[in-house]
*Asks:* 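Mind looking over this structure? Questions follow.
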Amino acid sequence: MSLKLRKSKAPPPPPGCPMHACMSLLGGAWSTNIVWQLSGGPRRFGELLHDIPGISPKVLTTRLRELTGKGAVTREVLPTSPPSVEYALSSLGLELLPVIDSIVRVGTRLREVALPPHHHDKPTRRSRRQA
């Protein structure tokens with residue numbers, strides 16, 4: 001016997017699916033890390049590369065171009081010799097900060113729930129062999 005299909009109680013998605021637009025902005029690997037680092041103020045490319053361990057220069061360049069193209073990040077060429085470029089959050093990028101902060105809070109809770117109690121007390125396979 002199959003179960004009766006229940007009617008959804010969720011409101012219909014807004015026209016044009018703004019959730020998809022926001023997630024396509026934040027969904028790229030490293031995008032949230034870049035926005036997080038820029039929340040502290042403008043940063044140059046090399047500073048961002050240093051701030052985000054594990055990101056490659058190619059991926060950082062790609063993500064900065066995407067974030068700039070979508071209006072979340074501004075790019076300013078400074079009149080120095082040689083010229084340098086500074087990236088900063090735009091007003092749209094600043095609106096992402098509460099969203100990212102919420103994601104961090106939920107992610108922290110998920111990690112707390114997922115870790116078994118006293119997980120550090122369990123011997124690992126390697127430590128048992130060495131003993």
*Asks:* Check step by step if side-chain contact (heavy atoms from CB on, under 4.5 Å) holds for L67 and L89.
*Replies:* CA-CA 9 Å; L67 291 166; L89 291 178; over 6 Å; no
*Asks:* Give every residue pair that meets the side-chain hydrogen bond (donor to acceptor under 3.5 Å, both in side chains) criterion with at least one member in residues 51-62, sequence neighbours excluded.
*Replies:* R43-D51
*Asks:* Set out, in order, the CA-CA distance, both residues' side-chain angles and the distance that settles side-chain contact (heavy atoms from CB on, under 4.5 Å) for C22 and L96, then state yes or no.
*Replies:* CA-CA 9 Å; C22 186; L96 293 170; 4.1 Å; yes
*Asks:* Listed by chain and number, what are the side-chain contact (heavy atoms from CB on, under 4.5 Å) partners of T108, not counting sequence neighbours?
*Replies:* V104, E112
*Asks:* What heavy-atom pair brings L92 and G71 nearest, and what distance separates the two atoms?
*Replies:* CB-O, 3.6 Å
*Asks:* Let me check something: do L97 and M23 share a hydrophobic cluster, defined by ILVMFWY side-chain heavy atoms less than 4.5 Å apart, either directly or through other members?
*Replies:* no
*Asks:* Applying salt bridge (Lys or Arg N to Asp or Glu O under 4.0 Å), name anything that partners R63, two or more places apart in sequence or on another chain.
*Replies:* E66
*Asks:* Assess whether side-chain contact (heavy atoms from CB on, under 4.5 Å) is satisfied between Y87 and T74, documenting all intermediate values.
*Replies:* CA-CA 6 Å; Y87 296 92; T74 61; over 6 Å; no
*Asks:* A side-chain contact here means heavy atoms from C-beta on lying under 4.5 Å apart; do L60 and F45 qualify?
*Replies:* yes
*Asks:* Do any pairs count as a salt bridge (charged side-chain N to carboxylate O under 4.0 Å, His left out) and have a residue in residues 72-100, sequence neighbours left out, and if so which ones?
*Replies:* none
*Asks:* Pair L78, V85 - check side-chain contact (heavy atoms from CB on, under 4.5 Å), show working.
*Replies:* CA-CA 6 Å; L78 302 174; V85 176; over 6 Å; no
*Asks:* Please tabulate, for the side chains in residues 31-41, all donor-acceptor contacts under 3.5 angstrom to protein atoms that are two or more places apart in sequence or on a different chain.
*Replies:*
{"from": "S31", "atom 1": "OG", "to": "G28", "atom 2": "O", "distance (Å)": "3.3"}
{"from": "S39", "atom 1": "OG", "to": "W36", "atom 2": "O", "distance (Å)": "2.5"}

*Asks:* What pairs meet the side-chain hydrogen bond (donor to acceptor under 3.5 Å, both in side chains) rule with one or both residues in residues 1-15, with sequence neighbours excluded?
*Replies:* none
*Asks:* Residues in side chain to side chain donor-acceptor pair (under 3.5 Å) with S84, at least two apart?
*Replies:* T80
*Asks:* If hydrophobic clusters are built by linking Ile, Leu, Val, Met, Phe, Trp and Tyr wherever their side-chain heavy atoms come under 4.5 Å apart, do V106 and L26 end up in the same one?
*Replies:* no
*Asks:* Restricting to side chain to side chain donor-acceptor pair (under 3.5 Å), what partner residues turn up for R44, sequence neighbours left out?
*Replies:* E47
